[in-house]
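Below: the structure, in structure tokens.
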Amino acid sequence: MKINDFQRTPPVYLELQQRLLTRVRALIQSQYSVELGPIAPVSLVVEQPPDLKLGEFALPVAFELARKLRKAPKIIAADLAAALNKSLETVAFLLPENSAGTAQGLAISRFEAAGAGYLNVYLNRATLTSALAQFDPRPQPNSGLHVLVEHTSINPNKAAHVGHLRNAILGDTFVRLLRANGQKVDIQNYIDNTGVQVADVVVGFLHLEGKSLRHIREIIAASTGDSKLREQRFDYICWELYARISQWYDAGSEAENKQRKALRYATLHEIEAGNNETAEVAELISTAVVKMHLDTMLRLGIEYDFLPRESEILRLKFWDVAFDQLKQSGVLYFETEGKNKGCWVMTRPDAKTTEGETDEDAKVIVRSNGTVTYVGKDIAYHLWKFGLLGRDFGYRPFYAYDNHVCWISTTDGIEPHPHFGGAQAIYNVIDSRQSDPQANVIQALRGMGHTAEADRYTHFSYEMVALTPRCAVELGYTVAPEDLARPYIEVSGRKGFGVKADDLIDRLIAATRKETDARQPERPEAERQQIAEQIAIGALRYFMLKFTRGTVIAFDFKDALSFEGETGPYIQYAIVRIRNIFRKAETTPEAVLAAFAELAKRGTISTTTQDEHKEASELPQESHAEGSVTGHDFSRADTATKTEGASAPAGISALPLLQEADEIWTIWLRAAKRSFTLDQAITTSEPAYVARHVFQLAQEFNNFYHRHHILTEEDPARKTLLLATAAIALRELITLLSWLGIESPEAM
RNA sequence: GCACCCGUAGCUCAGCUGGAUAGAGCGAACGCCUCCGAAGCGUUAGGUCACAAGUUCGAAUCUUGUCGGGUGCACCA
């Protein structure tokens, strides 16, 4: 019998399913191809039955065959089940060898027809738990694609708000998922430091406030230093000023307003041009704000590798290079008629082309005055991302993390520097309001013949975070009557309307700190603070991740400040409980899992028929340390217990428990499902799948915890099983939370 | 007008490539700490899956249409 199927692959859900399908397909081919002639490919799907009593997998294939065979689905399913059971050894494939080189047994214990015609598959619990205890199912290094993820990208003219938190948390989590999948990922945070938003704050400081360059330096120095010394945060000062200047443009007489707007654009042009005092002010402000954004994100465990800035895209003339390429490839054409006369334009992705007519709907890339639009610059930038531009940024170090440095773009950088760009796949975490411009860029890439790149360009889009009217009122904003009736109100930096990220984090920490102070009074202050921060960040990150991307989050403090139910702290609490169990049991999860794998192996080797007695008798008689829970033999009990498919070599007191107690098995099954969930989350760009998966595991553990009292269990083998189940839950919970960027506290 | 997203329990949301009795959390009512931490567990109440037609053995899921909510469709960035 071949046992190489799984030799190096952990026994995980996805592989189990795939192998199962291969076998079933083969059977159908041989069984029914005569009756059907050359049969059309039957679409085989694997489902999960509504209840574990019905098995782990269900195949509705009989329904599909029913009409072709003119037979009742029930009968077909029964035939299939019988045939599969008859040749179980060839169908149910083996799990990997263990360290001793002994095959561990079949992964599938039996097939059964059920319901109206389902073919249900029952996995071999003993075999799989034993294998899972031995192997931490880590995916192998993947395709090796060099991936670039861009997220956060907050305009550097004001403080970050809740909407930016959703972006950064989604992006950061997705990076962690890609890396867990074995991919090499660079993280970029694009900085638009030359736009009107920055110009507005510059106008605010220079003209509304009448500050000089020197004065602005002083303000920045006083408001960006040590958080304990500064009276105000610079990003908050800018938040307020940005709201004020936005109103100021419309607050004067008509003539005044015209003058103010002129001032605004003059300022913008000076910033874009560079090499002048206004540009210097803009540079000071935006750099100071960016640093604060990085501080804020670091509170959430979010780090970056590189900050490309718009100022360098302009000054290093990325556009000029891109423009040539776009003209050469014919993506851009010069419009000579209609409203876009004199512009270089591009046909839109979904445009219906009518011959000869001027495309009034075309996207303008270069204006009639010769300046390039935002989309044009974005195309150039994305050519660089894929290494197609033939021009690079200069680099210098900008922000130091514990383990690495974040670099920033500059016109003339230092050597040596790491290489960024030239990625094979990119993900842009940008909210769904940007899907049109994103589609334009993809369209341009495709039009230039870079179809592979266009295919690997993912707009990781998500819906915005808005405030509930109640929340807006609570924050002291005056809310228009018509807005009070709406489900949510969009945040607006221009109006200064929104929840600032650091305010929210501070409130969360204050709330968790109150709890830890009450629950852990004996712990030192620093520890209580650390725990409070871990819980607060866990709550926040989980809150942002539990919604699927397409859902608008109507933000409310009541929901965000909740630590019960479907929250990060709920999951963290399960971890703390498990850690306490191991502390009191005076053993470790690793030791328990090793012991369990060994014992389970002895008890379950003989699901293959011929070898069972021989193998059972050949088992080495190992002796284990006295008094350790790991020292008891699974097969010690004399009462022989029949397990399905084979008789166990000796009575195994834990095995019936594993067979019958679905609340135990469901935890192991979920562990096996980890790679499946990861794969699903990555292919659909949906981190919420992982969030839900880990919450369900925590729920399953709590359920198990309340049904089985582990430490007082008297039967040693049963106790080993219970402890091993807790160990698996712990291993999974910690791993999965780390993927979500959530820490696992020692106590809480 | 066109494009995209959303409409599922009182509220906030899951429901993967169509499949067996539609699931969580919060809120409500009632229980559970002489036993591994109650940031927990259990029980109960609560749904014509917006509406209509179609495809199918089978639809919350796919198609089309209607209604309702949101967002985006500039030579602004």
Side-chain angles (χ1 to χ4, degrees), chain A residues 43 45-51 54 58 60 63-64 66-67 73 114-118 120 155 192 194-199 265 268 310 339-345 348-350 361 363-369 371 373-375 377 431-437 439 461-464 466 468 486-488 490 512 515-516 519 535 539 546-554 556 558-559 562-567 569-570 572-574 576-578 580-585 676-677 680 683-684 686 688-689 691-692 695-696 699 702-703 705-713 722 726 747-748:
Chain A
S43 66
V45 290
V46 188
E47 291 162 8
Q48 208 175 327
D51 187 54
L54 295 167
F63 296 111
E64 206 168 331
R67 199 163 42 146
Y118 289 95
N120 288 356
N155 284 329
D192 184 359
T194 57
V196 279
Q197 298 90 344
V198 173
Y265 289 106
L268 177 63
E310 177 143 297
K339 72 179 171 85
N340 294 333
K341 185 175 177 184
C343 298
W344 286 88
V345 301
R348 286 179 193 272
D350 50 354
D361 200 36
K363 175 71 194 167
V364 173
I365 302 297
V366 179
R367 303 182 189 102
S368 52
N369 68 5
T371 58
T373 61
Y374 174 75
V375 171
K377 281 180 277 191
D431 77 63
S432 60
R433 287 171 289 194
Q434 298 287 329
S435 45
D436 269 9
S461 89
Y462 62 94
E463 280 290 343
M464 62 183 172
T468 62
R486 306 174 68 196
Y488 47 80
E490 192 177 353
T512 52
E515 291 293 319
T516 50
R519 290 160 195 256
I535 299 168
K546 72 176 176 182
F547 300 94
T548 51
R549 290 183 291 117
T551 302
V552 176
I553 298 181
D556 200 319
K558 178 176 69 67
D559 301 326
S562 166
F563 308 129
E564 289 166 16
E566 196 188 349
T567 65
Y570 175 95
Q572 290 171 317
Y573 188 64
V576 168
R577 276 177 151 172
I578 301 171
N580 281 338
I581 292 168
F582 282 99
R583 205 167 288 137
K584 297 208 173 174
F676 179 79
T677 301
Q680 192 180 223
T683 53
T684 60
E686 188 57 273
Y689 288 141
R692 201 170 60 248
F695 171 68
Q696 284 170 348
Q699 259 187 330
N702 277 330
N703 185 272
Y705 177 89
H706 282 272
R707 283 202 213 192
H708 301 276
H709 203 273
I710 298 168
L711 294 178
T712 56
E713 173 60 52
L722 296 179
M748 61 190 281

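Computation of the quantities below employed the complete heavy-atom set of this structure, encompassing side-chain atoms and omitting hydrogens, waters and symmetry-equivalent molecules. Chain A is the first sequence line, chain B the second, and so forth, proteins listed ahead of strands; every chain is numbered from 1.
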### Query
Is K377(A) salt-bridged to E310(A), going by a charged N under 4.0 Å from an acidic O?
yes

### Task
Could you measure between the two P atoms, the one in C2(B) and the one in C11(B), and give it in whole Å?
32 Å

### Query
Which is true for N703(A) with a 4.0 Å heavy-atom rule: it touches a base, it touches only sugar-phosphate, or it touches nothing?
sugar-phosphate

#### Entry: Phosphate OP1/OP2 of G70(B): any R486(A) side-chain N/O under 4.0 Å
yes

### Task
Please state the C1' separation for the pair G40(B) and C4(B) - nearest whole angstrom.
42 Å

### Query
Closest nucleotide of RNA chain B for R549(A) versus for Q699(A): which of these residues is on the 5' side?
R549(A)

### Message
So R707(A), base contact, sugar-phosphate only, or nothing? Heavy-atom distance under 4.0 Å.
### Response
nothing

#### Entry: Euclidean distance for C1', G65(B) against A77(B) (whole angstrom)
39 Å

### Message
Taking any heavy-atom pair under 4.0 Å as a contact, classify T551(A): base, sugar-phosphate, or nothing.
### Response
sugar-phosphate

### Query
With a 4.0 Å cut-off on heavy atoms, is L268(A) in touch with a base, just the backbone sugar-phosphate, or nothing at all?
nothing

### Task
Name the closest nucleotide to the N580(A) side chain, picking from C36(B), G70(B), G42(B).
C36(B)

### Message
In this structure, how many angstroms lie between the P atom of G70(B) and the CG atom of D431(A), rounded?
### Response
17 Å

### Task
Quick one: label E564(A) by what it contacts on the DNA or RNA (base, sugar-phosphate, nothing), any heavy atom closer than 4.0 Å.
sugar-phosphate

### Task
Measure the distance from NZ on K363(A) to C1' on C73(B) and round it to the nearest whole Å.
9 Å

### Message
Let's see if you can work this out: which of C41(B), G25(B), A20(B) has an atom nearest to the side-chain heavy atoms of F695(A)?
### Response
G25(B)

### Task
Among the candidates G25(B), A20(B), C57(B), find the nucleotide nearest to the side-chain atoms of A114(A).
A20(B)

### Query
Within less than 4.0 Å of OP1 or OP2 of C76(B), is there a side-chain N or O belonging to R367(A)?
yes

### Task
Can you tell me, in whole Å, how much space there is between the C1' of G18(B) and that of C62(B)?
7 Å

### Task
Round to the nearest Å and state the distance from M464(A) atom CE to U71(B) atom C1'.
6 Å

### Message
Heavy atoms from C-beta onward define the side chain here; which of A74(B), G15(B), U71(B) lies closest to that of R433(A)?
### Response
U71(B)

### Flag side-chain contact, heavy atom, 4.5 Å: S461(A) against Q434(A)
no

### Summary
On RNA chain B, more 5' by nearest nucleotide between N340(A) and V46(A) is V46(A)

### Query
Are the charged groups of E490(A) and R433(A) less than 4.0 angstrom apart, N to O?
yes

#### Entry: Side chain R519(A) and base A39(B) donor-acceptor under 3.5 Å
yes

### Candidates A20(B), A14(B), C41(B) - which lies nearest the side chain of T548(A)
A14(B)

### Side chains of D192(A) and T194(A) in contact at under 4.5 Å (non-hydrogen atoms)
yes

### Message
Please check: side-chain N/O of T567(A) versus main-chain N/O of A539(A), any donor-acceptor pairing under 3.5 Å?
### Response
no

### Message
Need one value for A688(A): base, sugar-phosphate or nothing, where a base atom within 4.0 Å counts as base even if backbone is also close, heavy atoms only.
### Response
nothing

### Query
Can you tell me how far P in A39(B) sits from the matching atom in C26(B), rounded to whole Å?
13 Å

### Query
Can you check the Q696(A) CD to A14(B) P distance for me, whole Å?
13 Å

### Task
Give a yes-or-no answer on whether the side chains of T551(A) and E463(A) include a donor-acceptor pair shorter than 3.5 Å.
no

### Sugar-phosphate only, base, or nothing, as touched by D436(A) at under 4.0 Å among non-hydrogen atoms
sugar-phosphate

#### Entry: Candidates G40(B), A39(B), A20(B) - which lies nearest the side chain of I535(A)
A39(B)

### Message
Need one value for R583(A): base, sugar-phosphate or nothing, where a base atom within 4.0 Å counts as base even if backbone is also close, heavy atoms only.
### Response
nothing

### Query
Which of these nucleotides, G70(B), A20(B), C75(B), is closest to any side-chain atom of K339(A)?
C75(B)

### Task
Among the candidates G72(B), A39(B), C5(B), find the nucleotide nearest to the side-chain atoms of E515(A).
A39(B)

### Task
With side chain to side chain contact (heavy atoms under 4.5 Å, CB included) as the test, would you mind laying out the steps for H709(A) and L722(A) before giving the verdict?
CA-CA 9 Å; H709(A) 203 273; L722(A) 296 179; over 6 Å; no

### Query
Between E310(A) (CD) and A77(B) (P), how many Å, whole number?
10 Å

### Query
Using the purine O4'-C1'-N9-C4 or pyrimidine O4'-C1'-N1-C2 torsion, is C26(B) syn (within 90° of 0) or anti?
anti

### Task
Give a yes-or-no answer on whether the side chains of R583(A) and N580(A) include a donor-acceptor pair shorter than 3.5 Å.
yes

### Query
Does R692(A) place a side-chain N or O at less than 4.0 Å from the phosphate oxygens OP1/OP2 of A14(B)?
no

### Query
Counting only distance, no hydrogens or angles, is the base of C35(B) paired donor-acceptor with the side chain of T712(A) under 3.5 Å?
no

### Message
Please classify the nucleic acid contact of T373(A) as base, sugar-phosphate, or nothing, using heavy-atom distances under 4.0 Å.
### Response
sugar-phosphate

### Message
I want to verify a distance call: between A77(B), C16(B), C36(B), whose nearest atom is closest to the Q680(A) side chain?
### Response
C16(B)

### Task
Report yes or no: does T516(A) contribute a side-chain atom to a donor-acceptor pair with the main-chain N or O of T512(A) at less than 3.5 Å?
yes

### Protein-nucleotide distance (R577(A), atom CZ; A39(B), atom C1'), rounded to Å
9 Å

### Query
How far, in whole Å, is G7(B) from U17(B) if one measures between their P atoms?
14 Å

### Query
Using the C1' atom in both, what is the distance from A28(B) to G10(B), to the nearest Å?
9 Å

### Query
Between A38(B) atom P and Q572(A) atom CD, what is the distance in whole Å?
17 Å

### Message
Of the options G15(B), C76(B), A20(B), whose atoms approach the side-chain atoms of P49(A) most closely?
### Response
A20(B)

### Task
For Q434(A), report the nucleic acid contact type (base, sugar-phosphate, nothing); a contact means any heavy atom under 4.0 Å.
nothing

### Message
On the nucleotide A38(B), are OP1 or OP2 found under 4.0 Å from the side-chain N or O atoms that Y570(A) carries?
### Response
no

### Query
Is the shortest side-chain N/O distance from N369(A) to OP1 or OP2 of C75(B) below 4.0 Å?
no

### Message
What contact category does A58(A) fall into here, base, sugar-phosphate, or nothing, at under 4.0 angstrom with non-hydrogen atoms?
### Response
base

### Task
Classify the nucleic acid contact of F547(A) as base, sugar-phosphate or nothing, counting any heavy atom under 4.0 Å across all strands shown.
sugar-phosphate

### Query
Counting distance only, does the side-chain N/O of K363(A) pair as donor-acceptor with the main-chain N or O of V345(A) below 3.5 Å?
no

### Query
How far, in whole Å, is U71(B) from U8(B) if one measures between their C1' atoms?
22 Å

### Message
Students often get this wrong, so: under 4.0 angstrom with heavy atoms, is V576(A) touching a base, only sugar-phosphate, or nothing?
### Response
base

### Task
Could you check whether P73(A) gets within reach of a base, just the sugar-phosphate, or nothing at all, counting any heavy atom under 4.0 Å?
nothing

### Query
Reading RNA chain B 5' to 3', how would its secondary structure be written in dot-bracket notation, given Watson-Crick and G-U pairs with both distances under 3.5 Å, brackets [ ] for crossing pairs and | for partners on other strands?
(((((((..((((.....[...)))).(((((.......))))).....(((((..]....))))))))))))....

### Query
Atom CD of E64(A) and atom P of G18(B): how far apart are they, to the nearest Å?
11 Å

